[in-house]
Protein chains: 2
Amino acid sequence: MHLRKEDLKALGKVKRLNIINAISGIKPANLIGSISAKKVPNLAIFSSVIHLGSNPGLLGFISRPAGNVHRHTLENIKETGSYTINHVHESFIEQAHYTSAKFDRHESEFEKCGFTEEYIENFQAPYVQESQLKIGMKFLEIVPIKVNNTVLVIGEINHIILPDAVINEEGYIDMEALSTVGISGLNNYYQLQKIGSFPYARTSEVPDFLEK
Amino acid sequence: MHLRKEDLKALGKVKRLNIINAISGIKPANLIGSISAKKVPNLAIFSSVIHLGSNPGLLGFISRPAGNVHRHTLENIKETGSYTINHVHESFIEQAHYTSAKFDRHESEFEKCGFTEEYIENFQAPYVQESQLKIGMKFLEIVPIKVNNTVLVIGEINHIILPDAVINEEGYIDMEALSTVGISGLNNYYQLQKIGSFPYARTSEVPDFLEK
């Protein structure tokens with residue numbers, strides 16, 4: 001099948017959304033926890049969390065701008081300056097998926113979707129107790145993406161909380177042991193099984209058999 | 001384990017890179033194909049391709065700025081205005097990984113790592129023949145991310161090429177049938193198995209059993 005730009009435009013909206021949300025490959029499944037100035041917690045699933053840098057540790061995610069309806073996560077982050085990123089595991093993919101429903105701002109998705117808020121000292125935003133890998137983020141900056149009126153929300157990693165058993169001496173994190181999942185498109189969840197690990201690639205060490 | 005910002009800073013560089021590159025969750029594995037004005041093809045693995053919008057179809061990826069050494073992909077994109085994004089499948093994860101070695105600009109990673117260039121009419125950049133899902137991109141814009149001197153490279157989807165058998169009527173793409181893989185951190189590859197699919201989430205349809 002060869003879909004050209006015109007073919008994509010001619011598709012029905014739902015099918016176009018499904019295809020274009022899926023073609024970039026597997027996406028991470030994370031719940032972003034936040035809290036409003038009025039102390040209403042919020043939880044929402046995002047598949048757009050992205051690594052930006054390691055020193056300092058920076059992560060970004062894509063959002064519609066605040067001011068749009070139902071951008072509670074971004075509004076809360078701007079109000080309080082902190083948020084959490086929590087891995088979605090196999091055991092709660094359905095609960096996690098339903099955080100994307102458009103609840104009112106006075107409603108907590110923690111309560112509505114069956115999650116438990118967890119707080120640590122000197123950090124405002126709620127973590128997801130049910131998640132095994134939780135990241136505490138300090139809000140840094142919003143970069144506007146003018147071409148389609150979205151924003152890249154950038155934060156600095158202040159806390160990483162995870163079980164000792166899933167990280168080895170090299171700092172590799174075992175996504176299979178964590179039962180962390182990936183998302184394809186808007187609706188489809190995938191489990192992960194490790195199939196390979198290769199060293200940092202140097203031109204002097206490229207295996208001969210690879211060359212044609 | 002609880003790693004605070006100070007703990008991350010105190011880690012050795014490699015361990016810090018491994019941890020911070022892994023904690024955002026699974027990342028898509030894509031080969032970006034490009035060609036210089038002098039007609040030297042380039043191929044490089046990226047784990048930072050991200051969905052930005054569906055109408056028009058926009059994808060982004062993160063890069064160090066051109067001008068840095070070994071940013072051939074970005075230099076080529078700026079020179080020719082086009083590039084391809086090609087899924088990495090289980091059958092060639094090792095070859096794909098080694099495209100990250102720092103080859104000289106006159107060398108082709110297609111040749112060095114065992115891939116075949118494929119060209120379509122009226123489109124300059126090379127696709128990866130071995131890849132089952134290939135996207136032809138038109139370069140649109142570079143958004144600077146000043147906080148750590150990286151850039152978000154934005155392009156518009158002009159072509160999607162994939163086997164008929166992996167896409168259904170709804171537009172869902174079967175990542176398991178494609179044997180498309182994900183990356184954790186810098187070095188670790190995961191296969192994908194579908195475990196769930198849920199409808200578009202409406203507050204009126206959140207299953208009762210989810211609520212606490």
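All chains are named by letter (A, B, ...) in the order of the sequence lines, taking the proteins before the strands, and each is independently numbered beginning at 1.
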Pick from A:Leu8, A:Ile23, A:Leu162, A:Thr150 with the largest number of heavy-atom pairs that fall under 4.5 Å of chain B: A:Ile23

Looking only at heavy atoms, what is the nearest atom pair of A:Ser54 and B:Ile20, with distance? O-CD1, 3.4 Å

Heavy atoms of B:Gly25 and A:Met175 approach each other most closely as C-CE, 3.4 Å

Contacts of type salt bridge (charged side-chain N to carboxylate O under 4.0 Å, His left out), residue A:Glu94, not counting sequence neighbours: none

Determine whether A:His2 and B:Ile120 satisfy the following criterion, side-chain contact (heavy atoms from CB on, under 4.5 Å), listing intermediate values before the conclusion. CA-CA 11 Å; A:His2 185 153; B:Ile120 65 172; 3.9 Å; yes

Heavy-atom distance under 4.5 Å to chain B: side chain of A:Ile167, backbone, both or neither? side chain

If we define contacts as heavy-atom pairs under 4.5 Å, which of A:Lys27, A:Glu169, A:Glu176 has the most with chain B? A:Glu169

Looking only at heavy atoms and a cut-off of under 4.5 Å, which of A:Arg16, A:Lys146, A:Lys13 has the most pairs with chain B? A:Arg16

Under 4.5 Å from any heavy atom of chain B, what part of A:Ile85 do you find: side chain, backbone, both or neither? neither

If you count heavy-atom pairs under 4.5 Å with chain A, which of B:Thr180, B:Asp164, B:Ile160, B:Val166 comes out on top? B:Ile160

Could you pull out the closest heavy-atom pair between A:Ile195 and B:Glu90, with the gap in Å? CD1-CG, 3.6 Å

Part of B:Leu152 lying under 4.5 Å from any heavy atom of chain A: side chain

Heavy-atom proximity to chain B below 4.5 Å, by part of A:Asn30: side chain

Under 4.5 Å heavy-atom distance to chain B, tell me which part of A:Tyr200 shows up: side chain, backbone, both or neither. both

Worked verdict on A:Ile161 versus B:Met1 for side-chain contact (heavy atoms from CB on, under 4.5 Å): CA-CA 6 Å; A:Ile161 301 165; B:Met1 185 179 295; over 6 Å; no

Do the charged groups of B:Lys15 and A:Glu170 touch, with an N to O distance under 4.0 Å? no

Contact class of A:His159 relative to chain B, heavy atoms under 4.5 angstrom: both

Considering only heavy atoms, give the residues of residues 43-53 of chain A separated from chain B by less than 4.5 Å, sorted numerically, with 'none' for an empty result. A:Ser48, A:Val49, A:Ile50, A:His51, A:Leu52, A:Gly53

Counting only non-hydrogen atoms closer than 4.5 Å, does A:Val143 touch chain B with its backbone (N, CA, C, O), its side chain (CB onward), both, or neither? side chain

With a 4.5 angstrom heavy-atom cut-off, which part of B:Ser100 approaches chain A: side chain, backbone, both or neither? both

Bottom line for B:Val181: the part with an atom under 4.5 Å from chain A's heavy atoms is both

Test side-chain contact (heavy atoms from CB on, under 4.5 Å) on B:Ile157 and A:Lys5; report intermediate values, then the result. CA-CA 7 Å; B:Ile157 299 165; A:Lys5 188 176 156 182; over 6 Å; no

Working for side-chain contact (heavy atoms from CB on, under 4.5 Å), residues A:Ile93 and B:Phe198: CA-CA 9 Å; A:Ile93 53 174; B:Phe198 303 105; 3.8 Å; yes

If I measure from the heavy atoms of chain B, does A:Asn168 come under 4.5 Å with its side chain, its backbone, both, or neither? backbone

Mind ranking A:Leu59, A:Ile154, A:Ile173, A:Asn21 by heavy-atom pairs under 4.5 Å with chain B and telling me who comes out on top? A:Asn21

Where along residues 185-192 of chain B does a heavy atom come under 4.5 Å of chain A, listed by residue number? B:Asn187, B:Asn188, B:Tyr189, B:Tyr190, B:Gln191, B:Leu192

Taking every non-hydrogen pair under 4.5 Å, which of A:Leu58, A:Val14, A:Leu11 racks up the most with chain B? A:Leu58

Heavy-atom pairs under 4.5 Å with chain B - which of A:Leu17, A:Ile183, A:Asn148 has more of them than the others? A:Asn148

Could you report the tightest heavy-atom contact between B:His97 and A:Pro199, atom names first, then the distance? NE2-O, 2.7 Å

Would you mind checking which part of A:Pro56 comes under 4.5 Å of any heavy atom in chain B, side chain (CB onward), backbone (N, CA, C, O), both or neither? neither

Taking non-hydrogen atoms and a cut-off under 4.5 angstrom, which of residues 134-142 of chain B neighbour chain A? B:Ile135, B:Leu140, B:Glu141

Which atoms of A:Leu133 approach chain B - backbone, side chain, both or neither, heavy atom under 4.5 Å: side chain

Side chain / backbone / both / neither for A:Arg202 at chain B, heavy atoms under 4.5 Å: backbone

